[in-house]
Amino acid sequence: MKLYVIRHGEAIERSAAVREEDRWLTPSGRDEFRANARCLAKKGIVPDCIITSPLVRAVQTADILADVLGFGGEIRVSQELAPGFGVEGLFRLADANGTPRSLAVVGHEPDLGEVVARLLGIDGSLPLKKGVIVALKLDPGLPAVPARFRWLIQQGKKLSELPGHGKAG
């Protein structure tokens, strides 16, 4: 399965006036993520399924992704992707959605960085910048290292190296 792990774009700062789950994308967060999504669109990629955390900033990021890619399906919202998400949750989501050929998940740090690291067999976590899109080739049948890094998109550019870890394998 082709897996696209996406951290939501930049959101408004935390404050006592706004609940954490209600924080929304800033104008620059929307613009920066739209640039990343355009890079994905240039590659002709439209995932079979887009699943997002229920938090406002993640849903907005998923909406931008769907719009830019011309995704015609329903964006699925899953509590599974709320903070606290893990690899087991990823496999449950894939199974619950018929194990699509390509899946985009939109969520939060530090969870997504921990999931990507675990899938790649890297100790610890990989800090993911806001709005980043990480492309992996996932084979759940390989339990030790079930994924291979393909590329990532950040700041509107595709990179074939995982920062701090070298070229795609």
Side-chain angles (χ1 to χ4, degrees), residues 1-12 21-83 85 87 89-109 111-113 115-116 119-120 126-140 146-163 168-169:
M1 171 191 336
K2 293 176 182 175
L3 176 64
Y4 304 98
V5 177
I6 302 165
R7 182 177 180 195
H8 65 78
E10 178 187 77
I12 63 165
E21 57 269 23
D22 294 335
R23 291 174 47 227
W24 58 87
L25 295 181
T26 63
S28 65
R30 288 190 299 271
D31 292 344
E32 288 170 10
F33 184 72
R34 190 172 298 280
N36 289 347
R38 282 187 190 118
C39 283
L40 201 59
K42 285 180 188 173
K43 296 181 69 54
I45 293 170
V46 180
D48 296 333
C49 188
I50 298 175
I51 308 173
T52 182
S53 155
L55 279 62
V56 170
R57 58 193 178 273
V59 172
Q60 289 176 319
T61 300
D63 283 340
I64 292 168
L65 179 70
D67 179 54
V68 171
L69 299 182
F71 177 75
E74 179 180 335
I75 297 171
R76 296 175 186 161
V77 177
S78 175
Q79 191 65 38
E80 190 86 64
L81 278 159
F85 178 66
V87 170
L90 173 66
F91 292 137
R92 282 192 298 272
L93 284 174
D95 288 344
N97 287 279
T99 312
R101 289 172 306 177
S102 59
L103 170 64
V105 294
V106 182
H108 311 275
E109 276 290 273
D111 304 332
L112 292 179
V115 166
V116 169
L119 290 173
L120 295 173
L126 292 170
L128 301 178
K129 294 185 179 201
K130 292 174 183 160
V132 72
I133 301 170
V134 179
L136 302 174
K137 177 71 175 159
L138 182 64
D139 183 352
R148 182 176 61 83
F149 174 75
R150 296 174 55 220
W151 40 262
L152 67 80
I153 297 172
Q154 67 183 20
Q155 298 174 329
K157 296 179 183 154
K158 179 183 162 233
L159 305 172
S160 58
E161 292 190 13
L162 190 57

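Hydrogens, waters and symmetry mates are skipped; everything else that's a heavy atom, side chains included, is used. Residue numbers run from 1 in the order of the sequence given.
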Can you find a pair of side-chain heavy atoms, one from [X] and one from [Y], that are under 4.5 Å apart?
X	Y	value
Q79	F85	no
L40	I153	yes
L162	W151	no
K2	L138	no
M1	R101	no
L119	V5	no
L103	I51	yes
V106	S53	no

Quick one: closest heavy-atom pair of [X] and [Y], and the distance?
X	Y	value
T61	F33	O-CE2, 3.4 Å
L112	I6	CD1-O, 3.2 Å
G9	K130	C-CB, 4.1 Å
P47	S102	CA-OG, 3.2 Å
A147	L120	O-CD2, 3.5 Å
S78	L93	OG-CD2, 3.4 Å

Where the side chain of [X] meets the backbone of [Y], is there a donor-acceptor pair that is under 3.5 Å apart?
X	Y	answer
D48	P100	no
R57	L25	no
N36	Q155	yes

(Q) Taking side chain to side chain contact (heavy atoms under 4.5 Å, CB included) as the definition, give me every residue that meets it alongside V56, ordered by chain and number, with sequence neighbours left out. (A) D22, W24, Q60
Q | Charged N-O contact under 4.0 Å between R34 and D67 | A |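 Result for this pair is yes, salt bridge flagged.
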Q: Sort out for me which residue in I50, I75, T52 forms a side chain to side chain contact (heavy atoms under 4.5 Å, CB included) with L65.
A: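 That would be I50; it is the only one of I50, I75, T52 passing the side chain to side chain contact (heavy atoms under 4.5 Å, CB included) with L65.
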Q. For H8, which of E109, H108, R23 qualifies under side chain to side chain contact (heavy atoms under 4.5 Å, CB included)?
A.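 Testing H8 for a side chain to side chain contact (heavy atoms under 4.5 Å, CB included) against E109, H108, R23 leaves exactly one candidate, H108.
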